[in-house]
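Any value given below was found using the heavy atoms of this structure, including those in side chains, with hydrogens, waters and symmetry copies removed. Below, chains carry the letters A, B, ... as their sequence lines are ordered, and counting in each starts from 1.
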Number of protein chains: 2
Amino acid sequence: MPTERSNLREPAIGGLAPSQLRLLTKVARMYHEHGMRQPQIAEQLHISQPRVSRLLKQATELGIVRTTVVTPSGVHAELEERIERRFGLRDVVVADPGQPAPGEQSVLQAIGAAGAVYLETTLTGGDRIGISSWSSTLLATVDAMRPRPTPVAERVVQVIGGVGNSTSQVYATRLADRLAILTGAEAVFLPAPGLASSPAAREVLMSDPHISDVLATYGGLSMLLAGLGSLEPSPLLVESGNAIADGEQEALRELGAVGDICLRFFDEKGQAVRSPLDDRVLGIDVETLRSIPRVVAIAGGSRKYTAIRAALRGGWVDVLVTDLGVARRLAAEPDDR
Amino acid sequence: MPTERSNLREPAIGGLAPSQLRLLTKVARMYHEHGMRQPQIAEQLHISQPRVSRLLKQATELGIVRTTVVTPSGVHAELEERIERRFGLRDVVVADPGQPAPGEQSVLQAIGAAGAVYLETTLTGGDRIGISSWSSTLLATVDAMRPRPTPVAERVVQVIGGVGNSTSQVYATRLADRLAILTGAEAVFLPAPGLASSPAAREVLMSDPHISDVLATYGGLSMLLAGLGSLEPSPLLVESGNAIADGEQEALRELGAVGDICLRFFDEKGQAVRSPLDDRVLGIDVETLRSIPRVVAIAGGSRKYTAIRAALRGGWVDVLVTDLGVARRLAAEPDDR
DNA sequence: TTCACTATCGAATAGGTATTCAATGCTCCA
DNA sequence: TGGAGCATTGAATACCTATTCGATAGTGAA
C-alpha cells in the first residue's frame, strides 16, 4: 500500500486526494478498531510513529474518526454543565427524584443520596470539613452515607452553633458527630447557640476558650458542607423553636434577604445583607467562609429555588447538589453576569 | 481492545447505580468533548488521575463513549453516483464497515456514523425535520452525531407513535429528543402508540388535541429522517413486544409487501400496499410523506436489501445512506425503468 | 541556477495515560 | 470470629503518544 504517486486531477474531498483519505482511514481503523499501537502500525505501513500520530490527528480533525459521548438515560450531564457554566461552578450534581411532581420528602431523599455519593467519591483524605448544622438536607445526606473504615477526612468542624432549644442543639452537634464518625475524622463541636440573645452575649461566649478555640479552626478548613436556607419557613426551623423570630425574619425580608448560608444572609443578587442579626451569630464569619477553597451546597426543592439561585449568583458556592426540578429552572435562567 | 460485542440494546446500563453512570458520563464529557486532560479532571472532581483513566476506560466499555471510523465521502464516489443515476436519487452515501463480511452491528455503526456526518454537513439551519422512531439505525445515527453549538434545525417532529410496550414508547420519543438536543431544535413528540388497536381507537386518539396538533405539523416538514423496515423480523421490533403480530406480517407478505417506511408498506416494485393496518397507523400518511421535499433513508444490511431496493424503485426516498454491501448490489441492479 | 520560503519528515523527548503494585476493605464461608 | 479470596484504591512508574526541533526537499521568483 505504500505511497501512491501524486495524482494531478482528483476530486479532492476535504482538500485531500482520495489516496490520502484511504491512508487516513486505514490508519484510523488499525488504531481505533483493531487496537493496534502506533509503533506497530508504523512498522506495518513502513512509516514513522510520529507520522502515524499525525495521521490520526488529521483523521480526527477531518471527522473521519469521531468520538461521541452518549448520555445514558437518567443522567443529566448537559444540564449540569450548563449550570456549571452559567454560574461558574466547579461541579454540579443533579439528582433525579424520579417522579413527575416529587414531594419535598422525595427531593430530600434524592439529593441526600446524591450528596452522599458525591462526598464518598471526592473525600479522599486529609480534608478538614466544616459543616453547617441543623439542615434537614444535610441530615439526609449524612444518613445516606456509608461508613468508611479508613479515615477520609482529618477533621469535621461545626461552623455554626446549635439553634433553638437545647434539644435541637444536641441535634445540631449530632450531625457533625455523625459525619465525623462516617469519615473517620476528629469531630470538633461548637458548644454554643447559633444565635446569641444579644451582641454582648455573643462577645461573652466568644471569649470562652472552649469556643474561641473552635472558631480559630475555621481558617484552616479545606471544605465546607452547607445547606442553604430560604426565608420561607422551613419545617425544621419551626420545630426547633423558631430560632429566628418571625419579626426578625420579616425584617430580613425587608432588607431584601432571600436566603442564607450558615446564617449569613444574602439578597436576590447574592449580595450579603447586613443586619443586626450578624452581630449575634456565633459561627463562621463571611470573610472566612468565602476563603474556603471548596464550598459544597446541598439544597433543592422549589421552596428554596430563589435562595439557591441567589447563592450561586453571589458566588457563595463552588459545588451544588440539587434536584432535577431546580436544575432545570437554573439552566433556564438568563445569563446575567 | 476487542471491539466486537453484540450490544444491540440501549446505552447499556451495565448493572450500575445511576450515580456511577453520572460520574462516568461527566468524566467522559470533560475528556472527550471539552478536551480536558486527566490530571485537570482529577483535580476538578477531587479524584485521582488513575481513577479518571479507569472511569474513561469503563465508559468506553459500557458504550457511553463510542469511537467510530467513518469512510469519508468520495472514496466510493463512483458507486454513489451510479446508484443516484439508476434510481434517480438526490444523494447517496456509502459507508464502509471496513470488514470483509461485517456483522449487523458493524453495518449499523458504519451507516450510523455516515448518516451522522451527512446530517451534520447538510443541516445548516431552519429545517423542520420529521423523524420516524424506533429504528435502531436511526438510533445509531443520532448516537454518532456530535452536538452543535448553534441550532441547525428549527424543529424535530416525531412522525410515528411509539411501538409496543410503554418502555419502548419512551425509547421512541427519546430518539426525537436526542436529535432535537443535538441540533438545537424544538422537539415535538407524538404521545401515542404507533399502531392503534383498531381503526376506531385510532380515530379517538386522533381527535385528541395533543395528538392532532402534532399531526398538523407534518405538512410543513422540510425533511424526513426515516429508517426502512423489512418484513424480516428485526431484533428491535421483536424485543419491543411484536408491534406487528406475526399473523399480520404474514398477511402483509401475502399482499406482496416487502418493506415499509413509517409503517406504510410497499411491494417489490415500490408500489404502496394497502392493508387493514393502514387504518390503525398513527403517524404521517402516505400523501403527506411523499410531499416532503427531502426524504432521507438510513438503512443497510443484507436483511434489508429487498426493502431498500423497493423503496428506491417506488421513489419513496430522495437520499439514501447505506453500507457498501448493499450499495454494490444496488449498483449492479439492471436498469428497469 | 540560486536563493528564500515553506512544507514535511523523523529523532529525540516532553507530555499524557494506563498499569503495576502494595495496601486496604469487603464478602463469604468455616 | 477469623481469615481466604476478591475488589478497589492511589502512588509510583512503565508505557504510549504528541510535539519540538533541526534537517531536508519541494516551489517559485529572480
Side-chain angles (χ1 to χ4, degrees), chain A residues 1-8 12 14-17 19-21 23-24 26-62 64-65 67 69 116-127 145-154 181-185 222, chain B residues 1-3 14-17 19-21 23-24 26-62 64-65 67 69:
Chain A
M1 324 287 78
T3 12
E4 345 261 308
R5 64 279 121 109
S6 55
N7 262 333
L8 296 187
L16 285 175
S19 55
Q20 282 283 20
L21 289 178
L23 181 58
L24 287 177
K26 176 150 207 158
V27 170
R29 285 229 160 84
M30 288 186 184
Y31 188 80
H32 292 287
E33 289 181 0
H34 296 281
M36 293 171 70
R37 313 283 69 186
Q38 293 186 8
Q40 277 187 282
I41 299 172
E43 191 188 358
Q44 184 165 338
L45 299 184
H46 289 279
I47 55 182
S48 69
Q49 177 270 317
R51 180 116 197 261
V52 174
S53 174
R54 287 177 178 129
L55 288 169
L56 286 170
K57 186 179 174 185
Q58 201 182 358
T60 308
E61 282 163 359
L62 289 175
I64 292 172
V65 172
T67 303
V69 178
V117 171
Y118 175 80
L119 289 179
E120 281 169 16
T121 52
T122 65
L123 283 181
T124 50
D127 265 306
M145 281 183 74
R146 287 175 309 180
R148 305 291 293 267
T150 337
V152 290
E154 219 165 73
I181 292 173
L182 288 166
T183 56
S222 65
Chain B
M1 282 310 106
T3 349
L16 283 177
S19 53
Q20 286 286 358
L21 285 178
L23 186 59
L24 287 176
K26 181 151 210 154
V27 169
R29 289 173 63 95
M30 286 177 157
Y31 188 80
H32 292 288
E33 290 185 357
H34 297 284
M36 294 172 67
R37 312 283 72 182
Q38 293 186 9
Q40 278 188 282
I41 298 172
E43 190 189 358
Q44 181 164 344
L45 299 184
H46 279 266
I47 54 183
S48 66
Q49 178 270 318
R51 181 120 196 255
V52 173
S53 175
R54 288 175 178 132
L55 287 169
L56 286 170
K57 186 176 172 187
Q58 200 183 357
T60 307
E61 282 163 359
L62 289 175
I64 291 172
V65 172
T67 303
V69 178

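Contacts of Glu33(B) classified as salt bridge (Lys or Arg N to Asp or Glu O under 4.0 Å), with partners at least two apart in sequence or in another chain: Arg29(B). Not counting sequence neighbours, Arg51(A) has no partner by the salt bridge (Lys or Arg N to Asp or Glu O under 4.0 Å) test. Under the rule for a side chain to side chain donor-acceptor pair (under 3.5 Å), Thr60(A) has no partner lying at least two apart in sequence or in another chain. Remark: Thr122(A) engages Arg294(A) in a side chain to side chain donor-acceptor pair (under 3.5 Å) (not counting sequence neighbours).
Rounded to a whole Å, the CD atom of Gln40(A) is 15 Å from the P atom of dC15(D). Atom CD1 of Ile47(B) and atom P of dG10(D) are 8 Å apart (whole Å). dT17(C) atom P lies 8 Å from atom CD1 of Ile41(B), rounded to whole Å. In this structure, Leu23(A) atom CG and dT8(C) atom C1' are separated by 14 Å, rounded to whole Å. Between the CD atom of Gln58(B) and the C1' atom of dA7(D) there is a distance of 13 Å, given to the nearest Å. One can place CD of Glu120(A) at 14 Å from C1' of dC26(C), the figure rounded to the nearest angstrom.
Leu55(B) is listed as a side-chain neighbour of Ile47(B), based on a closest heavy-atom distance under 4.5 Å.
Each end of the helix from dT1(C)-dA30(D) to dA30(C)-dT1(D) yields a helix axis from five base pairs, and these two axes differ in direction by 20° (to the nearest 10 degrees).
Within 6.0 Å of the CD atom in Gln49(B), the count of heavy atoms belonging to other residues, nucleotides or ligands exceeds 12.
Ala59(B) approaches Ala28(B) most closely through the heavy-atom pair CB-CB, 4.3 Å.
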**OP:** Any chance you could list the contact pattern along nucleotides 16-27 of chain D? Use B for base contacts, S for sugar-phosphate-only contacts and - for none, protein heavy atoms under 4.0 Å, 5' to 3'.
**Re:** SSBBB-------
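Here the straight-line distance linking atom CE of Met30(A) with atom CG of Leu45(A) works out to 4.0 Å at 0.5 Å rounding.
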